[in-house]
Peer 1: 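Handing you this structure, nothing more for now.
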Amino acid sequence: MTSRSILLYIFAIISLCASAEVIHLDGTQWLFSRIDRTTPISTATLDGAGKTIDLGAPSKVSEVVITFDGDAVQWIKANAQVSDDGKQWTRVSSKDDIKCQANMVNDITTVGNTVGLTQVTGSTSAIVSVQGSCRYVKVELERTMDNDKHDIEAPVATIDVNPMVDYNVIHDAATVACDDSAWEKVGVPHCYNESDSYLNGTTGERCWRGEVWYRKHLTIDKKNKGKHILLEFQSVNIGYTVYVNGHAIKGNTAVPQPGPVTHVGSFLPFTVDITPHVNWGGDNVIAVNVSNKKDTFFTWPCFAENEGFGQAMGGITAPVLMHIKDDVHIPTNSYSPTGKWGTYYGTLNASKDKALLRFMTAVDNDGDRMARVTLKTRLLDHRGKTVLAFEQTAIAPAHGSCTLDHTDSIKNPTLWYPVGGSGTPYLYKVEAKTYVDGKCTDVHTEQLGIRTITWDDDYCYVNGEKTILRGFGNRNIYPGLGSAVPTAFQWEEIARIARCGGNSLRVGHQPPFVETIEACDALGVLLFLNSGDGEWSLKNEPALTYKREYDRDAIIAFRNHPSILVWESNNGLAYDGVKYLPNYTQEEAEKWDFYAPRIVMNRDGYPREWDSSKRLMVGYTNRYEKVKGSPSINTEVYGTNWSGNPSWCIARHDYDNEKAFTRFYVQNYLDDLKNHACGWLHWMLSETYGEGYTIYLNGMRNQKSLGSCAMDGNRFPKLPYRVYENALWVPYSTRPGVALQSHWNYSGIQNVDAWSNCPQVELFIDGVSQGKVTPDANTKQCTWKGIEWRPSVVTAVGLDENGREVCRDEIATAGKPHRIELTVDRWSDRPDGGNFTLRANASDAFTVTARIVDEQGRWCPRAENNITFEVEGEGVYKGSYNFYITPGKGLSYHAPGDHELQAEGGLMRVAVRTTFNPGNITVKATSPGLLPGECSTVSKTR
């Protein structure tokens, strides 16, 4: 560590000594190390009938695992023996037949009318328990049998001798005495396998899975002794135990665990009370043991399987906050592992004249004496003016709590509306203060959107306005950054949805980040919220218990947010075993979200077990049916054919097929809405990894992504996004728009196409009019046929009712690629006018766009040059990926971390993380035959 780094590290610790209500531990230095306690002591293959394995020294052994490829072998008879000296042997295997267990891998499977990723048996394993110490292991295979116990011939793939692990014994990394001086220094949020996505391969498990440790040294001032120290983790993936000075914080899950486990749950926030274990005024070590792998220190959920669903990312992937609280305080809304919640605010009914609101606040008293608590609550508008104030008093018993409940009304409220509504996503602020004996003991603030959501048999109504739900799916991941996605990136993602007229977001298979939800509140994007699952996988224990706990925790954590529209129960009901039903999600919603219960959604049809007296949203995957009496929606429109025909999927730079691709999604949207769909979600906003298993319109297949998305993984828009933005989803009265086809580098006779919400569009080529066209009333498409191509500038001009220009779009023929133009991408400002500062914390990041242009600076849409990127100064290159797989190359080729990437349609975008040192960051790009590009930015301490 340099002297400068040491000073910054000391400053980060000293800065925590000041008494504060909330201290951000993200954005400061953490220590990181990988470990895998479950790595086999020895792995071997079986030669002929037997195998003797020398472990090298006496070792504590848990089991011998004999594995066979495929699913043919279901039973075996084996003679497994152990020895200390290789002479005296003890049989450890049963003389009875041993049933094999299935090892699941990802595959494409048809379930009903839906096709998607699910789990199939990739291999089977027979497990022989040893539970002792030995040096030698001998295995003789006597019989291999199918499910009916008929003898079959099948070679052994591997024999693993697994170690004995006592998860109740504190690992050295959890203790204060652990020497962490050589550990890697990282910033949090942190994703420990961020470079393992978007690799040079298609479906299959490639992300590193394993067990890691994070450590954080804290000095907590003695003046805070007598207060309570809470750590709020907004996301850790997927199982984790928090240790404080060597003491494990045990969770409240009902699922039995092999040892002390704090929580298991992907992207769900949680809070731990570390007060009993604090070393006041001295060094405190917060150690977090994290694993995204099966068979480690926690019980696997049995549904967080598919890498392609973004569930393989691991680490502390969101901010960590330290709350310093008095005895009497308002808890956070993180039910696990504390079993507590703090606030429940909501709208009972509202109109433009009056709103009836309900405020429930739980107050904890961790002191030894009863406390008479006064709660003062204010509702403030965006200017800080108080529009409602009330005071309540209650008795909180020692080491107990009290709940204060108040219903009140305000006149002439400003209602919260989603994108496309008649109002804006207006947010009030609720300020709650607790007092004991006249002293303020806690202050809690959060935002509140006043709105009502109702449903009929077909549609959603926000504040009485019929609201067609249109938007996208997405995942908690970004190329090169994994799931450690900075705040600015999350807000920009929601801004992209809002800009094109989208009002809905469905995050696949896990809940969104907290910051993403706050961005949806502020920008008016409605959320379909899933607490976590796989596909058709919610069945049997422990999945049933875990999932009900996840639903409960997600509802309590997020019910105050006006953007939450739907509690999504599943991604398809399991087709065997004991199923987790939407009825269970409904039960949790009725228990915890009872002011104006949100609707529950079941994907892939109407379940026969549902109580028909209650409203249910019915979703479908890549298809749509109208279910009578139930709001029905196409939740995943990805245009995939499963009959061996090309799918409606393309790479973003496959411009030759972009018009056919766009017409499919536009028509699908219109057809579903005509058939009384309550909404329609394009799957997805941006390309994710691991689902490139379809045939694309250009005949290619097995690429890195599904190819159906409205943007590529770098967030460059495909043509459908621009059509939504300028024609289909944003009305002319809101913003006139016109979108031309992507480029004008062709030959021969061409049709020119544009999409517009304007009354008319006029096309010009080098300033010469080609005529006016009225956009199709439904699809908004305009076509000028038989245009003889020549190098030129093509301009589409949107005209109002009087023929006056109100908007335009332009494309120009580009010449030979000449140079690389580099620019640092700018983030959109928040609706409140705030902006994002690039922070020097080794976790924040920015992106740089590379455009290949000709001598006149015109973008070259056909350029495919390889570009090499380098970063100088206080930045770390993270890179990006190329959409197409390159045969014969390794997994890291043109993948995150690779400094060379191929321009796709003349464009590429790369991510760069900051370091812990503020300063200049310069990005350079070179390519043979092109002039280089360069751009710079500056990271700051705050």
Side-chain angles (χ1 to χ4, degrees), residues 191 193-202 204 206-208 477-482 489 651-655 686-690 692 700 702-705 707 711-716 814 816-825 845-854 859-915 921-937:
C191 182
N193 54 356
E194 63 187 4
S195 294
D196 293 347
S197 60
Y198 299 92
L199 298 176
N200 191 43
T202 183
R206 292 186 174 85
C207 283
W208 185 82
I477 191 166
Y478 194 91
L481 306 178
F489 284 64
R652 187 261 309 161
H653 51 291
D654 181 10
Y655 301 120
S686 56
E687 299 289 349
T688 191
Y689 70 100
M700 299 186 73
N702 296 328
Q703 311 310 321
K704 297 181 184 179
S705 186
M711 293 181 166
D712 69 6
N714 287 310
R715 281 53 175 179
F716 291 121
K816 183 180 178 181
H818 178 69
R819 61 183 173 87
I820 303 169
E821 179 184 271
L822 279 191
T823 54
V824 176
D825 298 311
F846 64 97
T847 59
V848 169
T849 294
R851 296 172 75 244
I852 295 181
V853 298
D854 65 10
W859 162 60
C860 299
R862 299 289 193 182
E864 298 179 345
N865 307 64
N866 282 342
I867 304 174
T868 299
F869 295 90
E870 296 295 338
V871 176
E872 297 177 355
E874 299 301 337
V876 179
Y877 176 80
K878 292 298 177 179
S880 185
Y881 79 108
N882 280 128
F883 184 84
Y884 288 119
I885 294 168
T886 305
K889 296 290 186 178
L891 287 175
S892 62
Y893 181 74
H894 286 185
D898 190 347
H899 285 258
E900 180 190 89
L901 294 165
Q902 186 176 27
E904 296 179 331
L907 299 172
M908 181 48 62
R909 179 172 284 154
V910 296
V912 179
R913 281 209 192 273
T914 60
T915 69
I921 306 170
T922 299
V923 181
K924 298 181 178 180
T926 59
S927 181
L930 300 180
L931 295 179
E934 181 176 317
C935 64
S936 295
T937 190

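Throughout, numbering of the chain's residues begins at 1 and tracks the sequence.
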Peer 1: With respect to His653, which candidate in Phe716, Tyr884, Trp859 satisfies the ring-ring contact (aromatic ring centres under 6.0 Å, His included) definition?
Peer 2: Tyr884
Peer 1: Find the distance between OH (Tyr689) and CD1 (Ile477) and round it off to the nearest 0.5 Å.
Peer 2: 4.0 Å
Peer 1: For Asp898, does its backbone N or O pair with a side-chain atom of Tyr877 as donor and acceptor, under 3.5 Å?
Peer 2: yes
Peer 1: Return the minimal non-hydrogen interatomic distance between Gln703 and Ile885, and the atom names on each side.
Peer 2: OE1-N, 3.1 Å
Peer 1: In the structure I gave you, are the side-chain heavy atoms of Ile852 and Ile867 within less than 4.5 Å of one another anywhere?
Peer 2: yes
Peer 1: For Gln902, what residues pass the side chain to side chain donor-acceptor pair (under 3.5 Å) criterion, not counting sequence neighbours?
Peer 2: none
Peer 1: Any chance you could measure Met908, atom CE, to Thr849, atom OG1, to the nearest 0.5 Å?
Peer 2: 10.0 Å
Peer 1: List the steps, then state whether side chain to side chain contact (heavy atoms under 4.5 Å, CB included) holds for Glu900 with His894.
Peer 2: CA-CA 6 Å; Glu900 180 190 89; His894 286 185; 2.8 Å; yes
Peer 1: For the CD1 atom of Ile820 and the SG atom of Cys935, what is their distance to the nearest 0.5 Å?
Peer 2: 11.5 Å
Peer 1: Determine the minimum heavy-atom distance between Ser705 and Phe883, stating which atoms define it.
Peer 2: CB-CE1, 3.8 Å
Peer 1: Judged by atom type as modelled, is there a donor-acceptor pair below 3.5 Å linking the side chain of Glu687 to the main-chain atoms of Gly707?
Peer 2: yes
Peer 1: Checking side chain to side chain contact (heavy atoms under 4.5 Å, CB included) for the pair Val824/Phe846: CA distance, chi angles, key distance, verdict?
Peer 2: CA-CA 8 Å; Val824 176; Phe846 64 97; 4.0 Å; yes
Peer 1: Hey, are the side chains of Val912 and Phe869 touching, using non-hydrogen atoms and a 4.5 Å cut-off?
Peer 2: no
Peer 1: Which atom pair, heavy atoms only, marks the closest approach of Gly482 to Glu194?
Peer 2: N-CB, 3.7 Å
Peer 1: Side chain of Arg819, backbone of Pro817: donor and acceptor closer than 3.5 Å?
Peer 2: no
Peer 1: Is it true that a side-chain atom of Ser927 and a backbone atom of Asn866 form a donor plus acceptor pair closer than 3.5 Å?
Peer 2: yes
Peer 1: Test your reading of the model: is there a side-chain donor-acceptor pair from Asp854 to the backbone of Ala814, 3.5 Å cut-off?
Peer 2: no
Peer 1: Could you check if a side-chain atom of Arg206 sits within less than 4.5 angstrom of a side-chain atom of Asp196, using non-hydrogen atoms only?
Peer 2: no
Peer 1: Say whether, by atom type as modelled, one donor and one acceptor occur between the side chain of Glu864 and the main chain of Ala903 under 3.5 angstrom.
Peer 2: no
Peer 1: With a 3.5 Å distance limit and no angle check, can you tell me whether Asn200 reaches the backbone of Gly890 through a side-chain donor-acceptor pair?
Peer 2: yes
Peer 1: For the side chain of Arg909 and the backbone of Asn714, is there at least one donor-acceptor N/O pair under 3.5 Å apart?
Peer 2: yes
Peer 1: Apply side chain to side chain contact (heavy atoms under 4.5 Å, CB included) to the pair Lys878 and Val910, showing each step before the final yes or no.
Peer 2: CA-CA 7 Å; Lys878 292 298 177 179; Val910 296; over 6 Å; no
Peer 1: With rounding to the nearest 0.5 Å, note down the distance linking OH in Tyr881 to CG in Leu199.
Peer 2: 12.0 Å
Peer 1: How long is the straight-line distance from CG of Leu891 back to OG of Ser195, given to the nearest 0.5 Å?
Peer 2: 12.5 Å
Peer 1: I need the minimum non-hydrogen distance between Ala911 and Tyr478, along with the two atoms involved.
Peer 2: CB-CE2, 4.4 Å
Peer 1: When rounded to the nearest 0.5 angstrom, what is the spacing between OG in Ser880 and CZ in Arg715?
Peer 2: 9.5 Å
